[in-house]
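Have a look at the structure below before the remarks.
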Amino acid sequence: MSQPKFAPQVAVSATYMRGGTSKGIFFNLNDLPERCQQPGQARDNFLLRVIGSPDPYGKQIDGLGNGSSSTSKTVILSKSDKDDHDVNYLFGQVNIAKPMIDWAGNCGNLTAAVGACAINMGLVDADKVAASAETGICEVHIWQQNISKTIIAHVPVYVDEQGQVQVQETGDFELDGVTFPAAEVKIEFIDPVDASSAMFPTGNLVDDFDISGCGLEKDSVKATFISAGIPTIFMQAADLGFTGTELQTDINGNKALLDKLETIRAKGGVAMGLFKEVSEAEKSQHIPKIAWVAPAQTYTASSGKEVKADDIDLVVRAMSMGQLHHAMMGTAAVAIAAAATTQGTLVNEAAGDGSSKELSEVRFGHPSGTLLVGGKTEQVDGRWQAKKVSMSRSARRIMVGQVFVPGDSF
């Protein structure tokens, strides 16, 4: 019998999860095809095909992506060989239109799902999981491989009718940007900035940022450049012609405006030392992020709910992969927390209604609602350091099974 002239599909075990306001495909490293268990083109091609990229139509119809940066995400988990860590977490941000995966940063939203997924995959020591029944919380220590950082996920657990400890996924915790309530997962980002690295890479809390040639009326604006969670450029909304209450419909359909913001992002990457040339930004869509801030004000969120000025400390909007994010990236929330709790940054001053203010936590308004973040920053030998940033998210399994990929695609 002659061999078929087509490539049969390959089935690979996978878990489809929501984490925070994002969704992604989670794999156990050992379940991947052997040639995809190491960094390289085979692994990237496999994950691209899983998600359905590159897609010139922008919909990712032939994969598990949903045509947005919040859902074009992949995660690879493995049992950690690092002391005092349970699981290694590797994140890949899949470009929708281009055959490219950005491995440079973390996804803070999907971080909320890592602990639960690791427990369900059997990557967390069984005795540790069993012992967590006493407190109802399993403290999963995560090694974030992209950025070499420790994250602690406080995963709620319960004992089922068979006496087995299970992850609690349903609950009454509400997260703006997510339709349905779920169980609360508290996340701690430990030392999000290396002691040997500069949290403020220019050495300043506020810089005069040259944006000449970006198509705005101004050639220079004030900016806070910070590397905490993810490299981020914070600017004042008014300097960009914004209010800070924009929704996706105000930004994402305006190509000329998106091009201006992308040029600003690229120039900011050079200013932060991430790129030597502006052109390099095209190959690094995930970092840096750009965001704009303004003092607290009342606005209507994308759900139609009114967010009142009295209930928040400031408003923040952030771009992700060339689009205004529908809520807030988890890693950008880390940057917001670190900047807000450092007196003298633009974020801190926006939270202080224009003046510097000592803060340990802030609640900020984003397009979908609000988010409370906490942080602890301090000066050590004249250099600012973020010791810890914390926030609450939720996570839920949506599907556990197999994903099918054409065998000749990787």
Side-chain angles (χ1 to χ4, degrees), residues 15-24 26 28 75 77-89 91 106-145 149-178 180-192 229 330-331 333-334 337 360-361 363 370-376 386-398 400:
T15 300
Y16 191 43
M17 290 194 74
R18 176 187 64 77
T21 57
S22 293
K23 289 190 292 186
F26 288 66
N28 183 327
V75 171
L77 301 182
S78 58
K79 196 169 185 66
S80 184
D81 55 358
K82 293 188 69 67
D83 291 342
D84 301 322
H85 289 79
D86 301 298
V87 61
N88 295 330
Y89 157 38
F91 167 69
N106 178 32
C107 175
N109 275 303
L110 288 188
T111 297
V114 169
C117 191
I119 293 172
N120 289 324
M121 285 183 173
L123 296 173
V124 180
D125 184 78
D127 290 339
K128 178 176 183 175
V129 175
S132 68
E134 293 185 16
T135 61
I137 297 291
C138 186
E139 199 174 272
V140 180
H141 288 236
I142 301 164
W143 180 249
Q144 214 303 320
Q145 290 180 290
K149 294 294 178 186
T150 298
I151 303 170
I152 300 175
H154 300 264
V155 181
V157 296
Y158 69 99
V159 179
D160 65 14
E161 294 179 354
Q162 287 72 46
Q164 299 297 310
V165 178
Q166 305 287 353
V167 173
Q168 179 190 340
E169 296 176 286
T170 59
D172 57 6
F173 176 75
E174 295 187 356
L175 178 65
D176 286 336
V178 178
F180 304 107
E184 180 180 11
V185 179
K186 294 182 179 179
I187 303 293
E188 293 179 294
F189 297 82
I190 309 300
D191 292 325
T331 48
V334 173
S360 61
E361 64 179 23
R363 182 176 295 278
T370 70
L371 179 64
L372 178 68
V373 293
K376 180 182 179 183
K387 291 303 187 182
K388 183 171 73 172
V389 168
S390 60
M391 67 184 75
S392 287
R393 314 301 269 170
S394 64
R396 185 177 75 85
R397 283 175 297 179
I398 297 172
V400 177

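Index from 1, following the sequence. Computed from a prediction, not measured in an experiment: that's the story for all the values here.
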Can you check whether R393 reaches L371 side chain to side chain, under 4.5 Å on heavy atoms? yes
Are any side-chain N or O atoms of K149 and backbone N or O atoms of D191, one a donor and one an acceptor, separated by less than 3.5 Å? yes
Atom pair CG (N28) and CG (N120), whose distance is rounded to the nearest 0.5 Å: 12.0 Å
Distance (rounded to the nearest 0.5 Å) between D176 CG and L372 CG: 11.5 Å
Taking K128 for its side chain and E139 for its backbone only, find out whether a donor-acceptor pair lies under 3.5 Å. yes
How about T170 and R396: does a side-chain donor come under 3.5 Å of a side-chain acceptor? no
Taking every non-hydrogen atom, the tightest pair across S132 and V165: OG-CG1, 4.1 Å
Side chain to side chain contact (heavy atoms under 4.5 Å, CB included) with S392: which residues, sequence neighbours excluded? F173, E184, K186
Set of ring-ring contact (aromatic ring centres under 6.0 Å, His included) partners for H85, sequence neighbours left out: W143
Work out which heavy atom in Y89 is nearest to a heavy atom in C107; give both atom names and the distance. OH-O, 2.9 Å
Nearest non-hydrogen partners of L123 and S78, listed with the distance: CD1-N, 4.0 Å
Please report the closest heavy-atom contact between I142 and G115, naming both atoms and the distance. CD1-N, 4.2 Å
How would you list, by chain and number, every residue that makes a side chain to side chain contact (heavy atoms under 4.5 Å, CB included) with I190, sequence neighbours excluded? T150, I152, E188, K388
Would you say that V140 contacts V114 through its side chain, given a criterion of any heavy-atom pair below 4.5 Å between the two side chains? no
Tell me whether the count of non-hydrogen atoms from other residues, nucleotides or ligands lying under 6.0 Å of CG in D160 goes above 12. yes
Compare every heavy atom of P156 with every heavy atom of V185, then report the nearest pair and how far apart it is. CG2-CD, 4.1 Å
For the residue pair D86 / S80, report whether a side-chain donor-acceptor contact shorter than 3.5 Å exists. no
